[in-house]
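One structure below.
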Amino acid sequence: MRMILVGAGFAGSLVAGQLGARGWRVLVLEAGQGAPDAEQGHLDAVESHRSALAKVPNSPYRAGR
């Protein structure tokens, strides 16, 4: 079976992982700006979330984005 998911946020990633584990072929589409160093962007988001006083949905993202 095949599935296309639009959005690779928290829920989309979980759904893609679960479907993939069940043998589905999953294509995940995500909008957004490309990054020259995606790994560093991920690490920055993790650090922003860890240091945020309130763990809300936008806490991984830097202000002004």
Check side-chain contact (heavy atoms from CB on, under 4.5 Å) between L43 and all other residues, then give those that pass, not counting sequence neighbours. E39, Q40
For L14, enumerate each residue passing the side-chain contact (heavy atoms from CB on, under 4.5 Å) test, keeping only those at least two apart in sequence or located in another chain.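 Residues passing side-chain contact (heavy atoms from CB on, under 4.5 Å) with L14: F10.
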Nearest heavy-atom pair of [X] and [Y]: which atoms, and what distance?
{"X": "K55", "Y": "H49", "answer": "NZ-O, 2.9 Å"}
{"X": "V26", "Y": "A16", "answer": "CG1-CB, 3.8 Å"}
{"X": "W24", "Y": "R2", "answer": "CZ3-O, 3.7 Å"}

Look at the side-chain heavy atoms of Ile, Leu, Val, Met, Phe, Trp and Tyr, link any pair under 4.5 Å apart, and say whether I4 and V28 land in one connected group. no
If hydrophobic clusters are built by linking Ile, Leu, Val, Met, Phe, Trp and Tyr wherever their side-chain heavy atoms come under 4.5 Å apart, do L29 and L19 end up in the same one? no
